[in-house]
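Report on one structure; see the data block that follows.
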Amino acid sequence: MISLSVDDIFDSLLMKKSVFKNKRVLSHDYVPNELPHREKEIQKLAYILATALKGGKPSNVFMYGKTGTGKTAVARYVLKKLAERGEKLGLSLSYAYVNCRYRKTNYRVLVKICDEIGCRGLPETGLPADMIFDKMIKQIDRKDQLVIIILDELDWLVKSSGDDVLYQLTRINNELERGQVSLIGITNDLKFKDNLDSRVLSSLSEESIIFSPYNAQQLYDILKQRTVMAFEDGVVDDSALRLAAAIAAQEHGDARRAIDLLRVAGEIVERQGENKLTERHILEAKDEVEKDLVEVTVRDLPVQEQLILLAIVNLSLSSNGDKITTGNVKKVYEDICIKLGYKPVTLRRINDIISDLEMLGIISAPVVSLGRYGRTKLIRVEVPINSILKVFEKDERFSVLLKK
DNA sequence: AATCCACAGGAAGTGCTGGGCG
DNA sequence: CGCCCAGCACTTCCTGTGGATT
C-alpha cells in the first residue's frame with residue numbers, strides 16, 4: 001500500500017474538482033426559496049399572519065405533522081418574508097425561533113426568547129425564572145411592536161417541564177402595554193395535545209395547520225430541486241434520487257432524512273474519488289447514517305442507561321427470541337451491576353430509562369398485557385445490535401464483560 | 001364475572017451540581 | 001462568602017389496569 005503524505009492528501013483534494021456546487025443547500029437549516037408541495041400550508045400561514053402587516057395581532061397558530069414534513073421550513077420561510085415586508089412598511093415586527101428539543105426547560109426557553117429579541121447575555125442557569133419572564137416583557141414592551149414566537153418541537157418542552165411557560169406565554173398579551181405577541185407552536189407528536197391544559201390548547205390552536213407526510217414522488221421533487229442547486233451538473237443519477245426518495249418515504253416521508261442521504265452519498269463519492277453519484281452510494285450512505293447515529297447516541301448515554309441497554313442487548317442475543325420484559329431486564333441488569341460494581345437503580349427508574357431508550361429509537365417497548373401474567377413492556381432492539389456492541393467494546397468500563 | 005399478576009406511570013421529594021447575586 | 005436558584009438522576013410511595021385464568 002502506498003502511503004500518502006499529508007501534503008499529498010491536501011493536494012489531491014484541492015486539485016480534484018468537487019462534485020458539490022453548493023453543499024450548504026443540503027444542510028438542515030437551509031431554507032430554499034421554493035418549498036415544493038407545501039404551497040397550501042404556506043398560503044394558510046401567510047393568510048393568518050398577514051394581519052400583522054395592518055398592525056393587528058395574528059391568531060396563535062398550532063402546526064403539526066411528523067418530522068421532516070416541512071413544518072419548520074414553512075414557518076421560517078413565511079416569517080422571513082413577513083419580516084421583510086414589514087420592514088418595507090416601516091412596521092416593527094420581529095420573531096423569535098426556539099427549538100424546544102435542545103432547550104427543554106421553561107427557564108432555557110425563556111432565555112432563548114430573550115436572546116432572540118435582542119436581550120443578550122442572560123445566564124443559562126442561576127436566576128429565578130420569573131425574573132427572566134419580567135425581562136422579556138420589558139424588552140417587548142419597549143415599543144409598539146409585534147413579536148412572533150415560534151416554539152418548535154413543543155412536545156419536548158411539555159413532556160419534560162409541563163405547560164407552565166406555555167400558559168404564561170398564552171396570557172402574556174394581558175401584561176403587555178405596547179407590544180404584542182403571537183405564538184406559533186410546532187409539534188410532531190399528535191397525541192401531545194392531550195397533555196395540555198385546555199385553556200392553553202384553545203388559546204394556542206386558534207388556528208391550526210396540519211402537515212401530511214411527503215410521498216415518494218414529492219420527496220423526489222424536493223431532492224431534484226436541491227440537487228440542481230447543490231451538485232455540479234450531471235453528477236447525480238436520476239435513479240439514485242428515486243432510491244433516496246423511496247427510502248425516505250418508507251420512514252414516514254421524512255424530507256430531512258432524504259436530504260441527509262443525498263448529502264452523505266455526495267461525501268462518499270468525494271471520498272472515493274469518483275464523479276458520479278449512483279444508487280450504490282445512496283445505500284452506503286444509508287448504512288453510514290444509521291451506524292453513526294446509533295453509535296453517537298449510545299456512546300453519549302448516561303451510564304445507567306448504558307447498563308440497562310447492555311442488559312437488553314444481552315437478552316436479545318442469548319434468550320433466542322424469548323420475550324424481553326421489564327422484569328427480565330431488571331434481573332439481567334442487576335447481575336451486570338454486581339459484576340461491574342455499580343449500584344443498581346430501582347424498578348421505577350428502570351421503567352423511565354426504558355422509555356428514554358424508546359424515545360431515542362434504539363428500542364421499541366410497547367405496553368402489552370399478558371393477562372394473568374401481568375402487564376409489562378415488550379422490548380425489542382430496533383437498531384443493528386453490532387453498532388451498539390461496538391460502542392460497548394470500545395468502552396473500558398464494559399469491555400471486561402464482553403471479552404471471553 | 002371476578003380475580004389478580006406484573007408491572008405502568010403519576011406525584012412529591014432528596015441530594016448533588018453548577019451557576020448567579022449581594 | 002453564604003445564600004438562592006434550576007436541573008438532573010434518582011427514590012419512595014402510590015394508584016391504575018388489560019386480559020388470561022379461576
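Naming: A, B, ... by sequence-line order, numbering from 1 per chain.
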Reading 5' to 3' through nucleotides 1-11 of chain C, protein heavy-atom contacts under 4.0 Å coded B for base, S for sugar-phosphate only, - for none: ----BSSSSSS

Qualifying residues under side chain to side chain contact (heavy atoms under 4.5 Å, CB included), relative to [X], sequence neighbours excluded:
X	value
A/Leu53	A/Leu82, A/Arg85, A/Leu89, A/Leu91
A/Arg24	A/Asn22, A/Ser27, A/Asp29, A/Tyr30
A/Pro344	A/Tyr333, A/Glu334, A/Cys337
A/Glu232	A/Lys17, A/Lys21, A/Val235

Aromatic ring proximity, centroids under 6.0 angstrom, A/Tyr95 and A/Tyr97: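 No, too far apart.
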
What pairs of donor and acceptor atoms, side-chain ones from residues 350-366 of chain A against any protein atom, are under 3.5 angstrom apart with sequence neighbours left out?
residue	atom	partner	partner atom	Å
A/Asn351	OD1	A/Lys377	NZ	3.1
A/Asp352	OD1	A/Arg348	NH1	3.0
A/Ser355	OG	A/Asn351	O	3.2
A/Ser355	OG	A/Lys377	NZ	2.8
A/Glu358	OE2	A/Ala365	N	3.2
A/Ser364	OG	A/Glu382	OE2	2.9

Taking N or O atoms only and anything under 3.5 Å, show me the protein contacts with nucleotides 20-22 of chain C, one pair per line.
residue	atom	partner	partner atom	Å
C/dA20	O4'	A/Arg372	N	3.3

Taking ring-ring contact (aromatic ring centres under 6.0 Å, His included) as the definition, give me every residue that meets it alongside [X], ordered by chain and number, with sequence neighbours left out.
X	answer
A/Tyr77	none
A/Phe211	none
A/Phe133	none

Please tabulate, for side-chain N and O atoms in residues 285-296 of chain A, each donor-acceptor pair with protein atoms closer than 3.5 Å (sequence neighbours left out).
residue	atom	partner	partner atom	Å
A/Glu288	OE1	A/Arg271	NH2	3.0
A/Glu295	OE2	A/Lys390	NZ	3.4

First-last contacting nucleotides on DNA chain B - partner chain A, under 4.0 angstrom, heavy atom: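 It runs B/dT3 to B/dC21.
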
Nearest-nucleotide comparison on DNA chain B, the residue closer to the 5′ end among A/Ser355 and A/Met131: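 The residue mapped nearer the 5' terminus is A/Ser355.
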
